[in-house]
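Data first, discussion second: the structure below is written as structure tokens.
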Amino acid sequence: MREVVIAANWKMHTTPSDAGDLARTIASRTREAGVTRVICPPFVCLAPVRDALAEDDHDVAVGAQNVHHELAGAHTGEVSAPMLAGLATWVIVGHSERRRDAGETDALVARKVGRALEAGLRPILCVGEQLAEREAGRATEVVDTQIRGSLDGIDPAQAADGGLVIAYEPVWAIGTGRNATGIDAAAMVDAIRGTLDGLGWGESGAGLPILYGGSVTSATIGEFMAEPSIDGALVGGASLKPDEMAGIVARAGITARARGLAG
Ligand code: PEP
């Protein structure tokens, strides 16, 4: 049975002085057997969040929101995968805000996925179409291209062993309050599984968790978790609110129990 994952993307919010308290509160309010929880704060908050989550045996992982595709060098302001050792065990790669703000291409994202896996970081690879692409009936083709490009050169067995997770995040649903329907999201997740299969990923692809992301809240998570092919959520805005996270993880816990993951 595929893992159930709820990952929090705090984006450019929180500071080193308040992030630890928020992480501690969320961790204590989301104890739910069988659900893998991850908090991805800004780089400068990784250490305080790690320290806060180490208290009380909180079983919540820490993730970065980005990683550079080179190991070291003249790249002012960047952070490489080896630098994250001891700070994070997960990393988001290819988020649409980075594709938009930093011009990240699929080829670059594939190098980041590779660096993350080499360094023992679990990558959350984000893909998703723009509104115009969906309206033009090209959503599946766009996501298929992104998956192929963003996993180019990645060894399926290494990706599966390294805990790769994919997040389907339609760009028009991120931070807009506008969701995809559960049915549409599940159809895209199935299409992603079809792409992996077509790439010859076989069992390595079939076991990968695929999440939905895009304005998920405690009120909407049920629609996505009710879909058997969706394995959790990447949550942005609502992940800064402990009440919201409590509701989201509680609903994910129902799916985890139904999948026999809670024992
Ligand atoms: C995200 O940042 O990945 C995201 C899905 O954001 P939001 O939940 O705010 O749409």
Side-chain angles (χ1 to χ4, degrees), residues 4-14 19 22-23 26 30 35-43 45-46 49 60-67 88 90-102 104 109 112-113 116 121-131 133-134 139 142-143 146-147 150 164-182 184-186 188-189 192 209-225 227 230-252:
V4 171
V5 180
I6 299 294
N9 176 13
W10 284 0
K11 310 196 188 203
M12 199 167 70
H13 297 290
T14 69
L22 181 59
I26 289 172
T30 56
V35 180
T36 300
R37 295 168 294 163
V38 191
I39 294 178
C40 304
F43 283 128
C45 299
L46 287 169
V49 167
V60 180
V62 182
Q65 297 174 15
N66 181 35
V67 67
W90 290 63
V91 62
I92 298 171
V93 286
H95 192 281
S96 63
E97 288 156 11
R98 291 207 54 84
R99 291 176 187 260
R100 178 195 69 200
D101 297 346
E104 291 190 4
V109 171
K112 291 177 181 232
V113 171
L121 295 163
R122 289 190 68 176
I124 302 177
L125 165 63
C126 301
V127 293
E129 81 285 357
Q130 307 277 342
L131 184 57
E133 292 165 337
R134 175 156 286 265
V142 166
V143 171
Q146 288 177 337
I147 291 285
S150 304
L164 173 68
V165 170
I166 295 174
Y168 167 55
E169 301 206 302
V171 177
W172 47 271
I174 297 181
T176 59
R178 192 174 158 184
N179 289 114
T181 64
D184 284 349
M188 187 62 84
V189 168
I192 291 171
I210 306 186
L211 318 182
Y212 169 76
S215 298
V216 169
T217 65
S218 58
T220 60
I221 183 72
E223 178 170 358
F224 302 103
M225 296 310 309
E227 296 292 337
I230 298 180
D231 302 317
L234 178 55
V235 186
S239 74
L240 293 156
K241 301 176 187 161
D243 285 350
E244 284 295 312
M245 283 301 281
I248 290 167
V249 178
R251 177 59 189 82

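Counting starts at 1 for both ligands and their atoms, in listed order.
- For atom 10 (O) of ligand 1, the choice among A8, A238, G175, G177 with the nearest heavy atom turns out to be G175.
- The nearest protein atom to atom 9 (O) of ligand 1, hydrogens excluded, is given as G237 N, 2.8 Å; this is a heavy-atom distance.
- Residue contacts with ligand 1, taken as heavy atom pairs separated by less than 4.0 Å, involve I174 via backbone and side-chain atoms alike.
- Between K11 and ligand 1, at least one pair of N/O atoms sits closer than 3.5 Å.
- At under 3.5 Å, a nitrogen or oxygen of S215, whether backbone or side chain, sits near a nitrogen or oxygen of ligand 1.
- Counting only heavy atoms from C-beta outward, the side chains of P41 and L46 approach each other to under 4.5 Å.
- A donor-acceptor contact shorter than 3.5 Å is absent between the side chain of K112 and the backbone of V93.
- Remark: minimum distance from atom 5 (C) of ligand 1 to any protein heavy atom is reached at E169 OE2, 3.0 Å.
- Nearest non-hydrogen protein atom to atom 1 (C) of ligand 1 is H95 NE2, 3.2 Å.
- The protein heavy-atom contact nearest to atom 8 (O) of ligand 1 is G236 N, 2.8 Å.
- Every atom of ligand 1 is numbered from 1 in the order shown, and the set under 4.0 Å from a heavy atom of L234 is 3 (O), 5 (C).
- Judged by distance alone, with hydrogens and angles left aside, the side-chain atoms of R37 form a donor-acceptor pair with the main-chain N or O of T30 at under 3.5 Å.
- Residues P123 and W90 are not in side-chain contact: their nearest non-hydrogen atoms beyond the backbone lie 4.5 Å or more apart.
- You'll find the side chain of I221 stays beyond 4.5 Å of the side chain of T217, heavy atoms only.
- For ligand 1 and G214, the ligand atoms under 4.0 Å from any heavy atom of the residue are 5 (C), 10 (O).
- Taking a 4.0 Å cut-off on heavy atoms, A173 registers as neighbouring ligand 1.
- Salt-bridge check for E104 with R98: passed, with a basic side-chain N closer than 4.0 Å to an acidic carboxylate O.
- Using a 4.5 Å heavy-atom threshold, the side chains of V62 and V38 count as separate.
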Determine, step by step, whether W172 and E129 satisfy the side chain to side chain donor-acceptor pair (under 3.5 Å) criterion, reporting the C-alpha distance in whole Å, the side-chain angles of both residues, the deciding distance to 0.1 Å, and the verdict.
-> CA-CA 8 Å; W172 47 271; E129 81 285 357; 3.0 Å; yes
